[in-house]
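Chain naming here is simple, since letters A, B, ... match the order of the sequence lines and numbering starts at 1 in each.
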Amino acid sequence: MKEYNPHEIEPRWQKVWEETQANKVNEDASKPKKYVLEMFPYPSGDIHMGHVRNYTIGDVIARYSKMQGFDVLHPMGWDAFGLPAENAAIKHNSHPATWTYNNIETQKASFKRMGFSYDWDRTVVACDPEYYRWGQWIFLQFWKRGLVERRNSPVNWCPNCKTVLANEQVTEGECWRCHGAVEKRDLTQWYFKITDYAQELLDDLDQLEGWPERVKQMQANWIGRSEGAEVDFILCDKEGNAPENPSEDDIITVFTTRADTLFGCSFFVLAPEYEGVADLVAGTDFEKDVMGLVEASAKVSAVERAQGDHEKHGAFTGRYVINPVNGEKVPIWVADYVVADYGTGAVMAVPCGDQRDFEFARKYDLPIIPIILGKDDPLFAELDGVSDRKVVQVDWENAYDAEGILVQSGKYTGLVGGKHSEGEAAIVADLEASGRGRRKVEYRLRDWLISRQRYWGNPIPAIYCDHCGLVPVPEEDLPVMLPKDIDLAAGETLATHEEFSKCTCPKCGAPAHRETDTMDTFTCSSWYYLRYTDPHNTELPFDPEKANRWMPVDQYIGGIEHAILHLLYSRFFTKVFRDMGMLTYDEPFSNLLCQGMVKDENGETMSKSKGNVIAPEDMIAEYGADAVRAYILFMAPPDKDLLWDEGGLAGIYKFMNRVWRIVYDLAGQADENTLFQKDASEKEIEKAFKTLVRERHRVVGKVIEDFDRNNFNTAIAAIMELANAASDYLHKASADMRKADATKTAFDAELATVLVELLAPIAPHWAEELWTTVLGHEGSVHEQPWPDFDPEKAKDDEVELAVQVNGKVKARITVAADAAEEAIREQALEAVAGATDGKTIAKVIVIPGRLVNIVAK
RNA sequence: GCCGGAGUGGCGGAACGGCAGACGCGGCGGUCUCAAAAACCGUUGUCGAAAGACGUGCGGGUUCAAAUCCCGCCUCCGGCACCA
């Protein structure tokens, strides 16, 4: 017998697979397709255990699917544009491309050492002009469809990364990449109008049955749909008089979900960034205070805003608006607790029903008028049914924001108030009738800011011409090539790179200059899965026919950190391609698996600074790739965090060795006494054999069930049970004894085959070696059909049942598998006669194959 | 604050409402060995000598039967957050 030596067999088989193009995609239309995809990596150095986990899961699914008879697409590529490459280039005085391509080679070599079954002919590298030209093409199509906008607005600016960021890339006021504090700036930038798809992106979450609930929830929260109404307030002049014939300029509109509380509006608030604040107070006594507040709040960083204690600051403008429901004059304040870019940036304040307004009213001593009360409120008896204003101040601790009864609310008094209440509906209906309000749905989702002031990205294909204005680069001129000669260390940028920025206007031919911003790297990752379906196309980003055959991705695997970012953007791109007629699907990823993190033995995240990183290469060097793969699948369900435990890895390595010896023994090639220990009695041998045959069928069924639900840990546990049954049998029955019995000889061969096939997706090199060298089969194990099983043979002819008395197990009985209920009942009653002595049997519940419960009193 | 998810032996984790703890790690005892490693066998929830009792975060409930379903809490993890 040859010892199991992963270091010898793994490189050997990797070479063979490469030579035989074992992982090439077949494009065999006679088979059902399966697209298995793992999120492509960013090439920052070598791979870590998180990658190993992510890609092992994908590889097992891909290999298993292939054996199940699917035509499998399982590609890999690199998300290769981005800031780390640029930073590394500046640090080492080299070029981002050098760093990027070196890392790609390193990672690719590691992937091959892990035995991942990618078709390398389909590799997509995002910084390759053959790829990014299509990113530019897509940009132009979006532009044609009105989905591209260049506009000025307050944006997130990361001073550290020296670029703007999308909303999705700011977490608690920090940059997603460098974790530095983000600032607000007013800049003109490029946007993709993802908000045009807000409703559909929300609605179609329902289609995604194969997605984790938490990811769908996160996206729904991010989109943040809110139903309410816009209400128009009329602005009084500086003397406080309402205009007789108000024009559009005299209207300030608010968005509210609580129009039912309009009668409790005791002040009105504008965000400091609200356009026109300066005009409101220009030349008045209030100008100084108000503009001071505006300046002060502009200085507050996004981090402070996000993490601060939310102390509210405000200033009165000296101006008033008219409340449309009761004609009341309401003072206008400017306050930093109003979000400028949500709704209209102006809100009606109802301190009795909104905690923020309440706190503000307390601080600045503004009226808190009770207009909605719970029935158990002490004030309710006094105000129930009172429609005119009677009480104008309360001494509550907090606002009342639950459902209640409207009081002091004119004709609406007595109606139920609250979100989506009858009171709200009645008031909005009247506002609509009088033209002072309208139904409105707001979203938290903002348009996607896609321009970046960085070099290492995909150039935005746009030209500025003094005569023609903003002009798209004609499609035939694509790609706009990123210039190679750039001295980043010396501070050169695309904007200062004259050769790049200078051009002629495609419309009029006059001298013009290019846009020098590049696109967010997330634009690259929003469609790479489509390029894989047709990676060498030179006419289009992909052939719709090919994409429609392979799409949607049947199983997508990646980290939870993309729950919003990449997964939302990709859904958006897919919907646009569908509307362009290039895709027939609404959603790109049918099933999503978010793998848990790999942590150290204390549950801490692995990081270089903590010095607790386990390098995949070290583990491969010690135990081989197959053991690492099996270990990572076995130690935890895929969506849970995995705590690294080398003892567990050693255990799996032991298991691989054990099955290795079992297969040798079953193949009749074991050394003397490898497993065999003693001739057991014929009865014992027959029993062990019967059990083993049963296990062979049961376990194959169980592994299929588990693989189909991505329960790799229990699938491996089941294979271990089969190995245990085989081991028990082989200890008892000698090779000679088995050879003398044709049934047993045949079963030995069958079992060896099944064991190797079951483990093939998990330990591909191990399986291939045993398949060819030991079992002597032709071809690759990975080309074999998945083993079959007979559920009938998985059943025992006798079963043990637990016998309970009042739910407590008191005895066990063995009955024939097909025993009649009446017979089981009798046997059970007899078995627990002692425990039921002197009691009345009230009921006997027989659950065939499981237990008997006797209710005795 | 709002929205998700999770709490099971010493540890990782199993359990269509039906024998809690599969499988593995670790521990203990043994076989082999001069010895050790490897390999193999047995054992291992807690208390108890045993019979037995108790056990799935806490408190209730439904059920013949609850880790699982319902109600009310606690703790931890994740997301969002001054979004009107």
Side-chain angles (χ1 to χ4, degrees), chain A residues 171-172 212-222 224 226 228 254-259 261 269 271 305-312 335-350 353-357 359-360 401 419 442-444 560-561 563-564 601 603 631 634-637 639-652 654-655 657-658 661 673-675 677-678 702 711 713-721 723-724 727-728 731 800-812 842-856:
Chain A
T171 313
E172 291 189 2
E213 198 51 43
R214 60 177 170 152
V215 175
K216 289 192 274 187
Q217 278 298 333
M218 280 159 75
Q219 291 215 353
N221 286 345
W222 188 259
S226 192
V254 299
F255 172 74
T256 179
T257 56
R258 294 296 304 277
T261 64
V269 198
R305 240 172 228 254
Q307 297 168 352
D309 55 4
H310 295 169
E311 166 80 35
K312 296 171 177 57
D336 58 3
Y337 76 95
V338 175
V339 177
D341 57 353
Y342 181 77
T344 62
V347 297
M348 63 176 217
V350 183
D354 181 283
Q355 188 62 23
R356 296 154 300 184
D357 298 340
E359 285 165 15
F360 191 81
D401 59 5
K419 276 200 170 183
E442 280 288 339
Y443 300 90
R444 224 189 61 107
I560 188 72
E561 68 272 17
I564 295 167
E601 66 276 11
Y631 164 75
F634 178 63
M635 277 306 272
D639 55 341
K640 281 205 176 174
D641 285 351
L642 182 151
L643 304 193
W644 191 263
D645 166 27
E646 201 166 332
L649 176 54
I652 283 282
K654 224 163 77 180
F655 166 70
N657 266 294
R658 194 152 167 251
R661 286 193 300 273
N673 297 333
T674 304
L675 289 172
Q677 292 195 330
K678 59 175 167 64
K702 168 77 174 154
N711 290 346
N713 55 330
T714 50
I716 293 172
I719 299 170
M720 285 172 169
E721 289 179 82
N724 289 344
S727 179
D728 180 55
H731 276 111
E800 194 183 68
L801 302 183
V803 184
Q804 299 179 327
V805 176
N806 297 331
K808 303 243 177 215
V809 179
K810 292 288 178 187
R812 286 168 199 289
K843 209 171 174 183
V844 179
I845 293 126
V846 178
I847 312 293
R850 300 227 179 235
L851 52 67
V852 182
N853 190 13
I854 294 161
V855 186

Please give the distance between the [atom1] atoms of [N] and [M] as a whole number of Å.
| N | M | atom1 | value |
| --- | --- | --- | --- |
| B:U62 | B:C41 | C1' | 47 Å |
| B:G59 | B:G78 | P | 28 Å |
| B:U63 | B:C11 | P | 36 Å |
| B:U46 | B:G21 | P | 14 Å |
| B:C58 | B:A66 | P | 15 Å |
| B:A35 | B:U31 | C1' | 15 Å |
| B:A67 | B:G17 | P | 13 Å |
| B:A14 | B:A81 | P | 33 Å |

Does [X] put a side-chain nitrogen or oxygen below 4.0 Å from OP1 or OP2 of [N]?
| X | N | answer |
| --- | --- | --- |
| A:R214 | B:A6 | no |
| A:K654 | B:C25 | yes |
| A:N724 | B:G24 | yes |
| A:S226 | B:A84 | yes |
| A:K808 | B:C54 | yes |
| A:R658 | B:C40 | yes |
| A:Y342 | B:A84 | yes |
| A:R661 | B:C40 | yes |
| A:N713 | B:A14 | yes |

Handout entry: Position toward the 5' end of RNA chain B (nearest nucleotide), A:N806 or A:G224
Key =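 Upstream on the strand: A:N806.
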
Practice task
Return the 5'-most residue of the pair A:A340, A:K810 with respect to RNA chain B, ranking by each residue's nearest nucleotide.
Solution key: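 Result of the comparison: A:K810.
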
Is the shortest side-chain heavy-atom distance between [X] and [Y] below 4.5 Å?
| X | Y | result |
| --- | --- | --- |
| A:W644 | A:M635 | no |
| A:Y443 | A:Y342 | no |
| A:T256 | A:M348 | yes |
| A:K419 | A:D401 | no |

State which of [options] makes the closest approach to the side chain of [X].
| X | options | value |
| --- | --- | --- |
| A:V855 | B:C41, B:A22, B:C64 | B:C64 |
| A:R444 | B:G24, B:C80, B:A22 | B:C80 |
| A:Q804 | B:A81, B:C19, B:C40 | B:C19 |
| A:I564 | B:G24, B:C19, B:G79 | B:G79 |

Scan every strand shown for a Watson-Crick or G-U wobble partner of [N], both distances under 3.5 Å, and answer none if you come up empty.
| N | result |
| --- | --- |
| B:C40 | B:G30 |
| B:G78 | B:C3 |
| B:A67 | none |
| B:A53 | B:U46 |
| B:G72 | B:C58 |
| B:A22 | none |

Problem - Side-chain donor-acceptor contact under 3.5 Å, A:Y337 with A:D357 - result: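 Yes, because at least one side-chain N or O of A:Y337 sits under 3.5 Å from a partner of the opposite role on A:D357.
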
Practice task
Examine the base of B:C64 for any acceptor or donor lying under 3.5 Å from a partner atom in the side chain of A:N853, and report the outcome as yes or no.
Solution key: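 When only heavy-atom distances are counted, A:N853 does reach the base of B:C64 through a donor-acceptor pair under 3.5 Å.
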
Handout entry: Presence of donor-acceptor pair under 3.5 Å, side chain of A:K843 and base of B:C64
Key =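 Counting by modelled atom types and ignoring angles, no donor-acceptor contact under 3.5 Å is found here.
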
Atom-to-atom span, [atom1] of [X] to [atom2] of [N] - whole angstrom:
| X | N | atom1 | atom2 | result |
| --- | --- | --- | --- | --- |
| A:K640 | B:C76 | NZ | P | 18 Å |
| A:R850 | B:A20 | CZ | C1' | 13 Å |
| A:Q217 | B:G4 | CD | P | 5 Å |
| A:M635 | B:A14 | CE | C1' | 14 Å |
| A:F255 | B:C82 | CZ | P | 16 Å |
| A:N221 | B:G1 | CG | C1' | 13 Å |
| A:D728 | B:C23 | CG | P | 13 Å |
| A:Y443 | B:A84 | OH | P | 14 Å |

Handout entry: In B:G13, glycosidic geometry as syn within 90° of 0 or anti otherwise
Key =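 Base orientation: anti.
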
Problem - Nearest-0.5 Å distance that lies between atom CD1 in A:I652 and atom OH in A:Y631 - result: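 Rounded to the nearest 0.5 Å, the CD1-OH separation comes to 9.0 Å.
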
Practice task
Give, for atom CG of A:L649 and atom CZ of A:F634, the distance between the pair rounded to the nearest 0.5 Å.
Solution key: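 Here the rounded value is 12.0 Å.
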
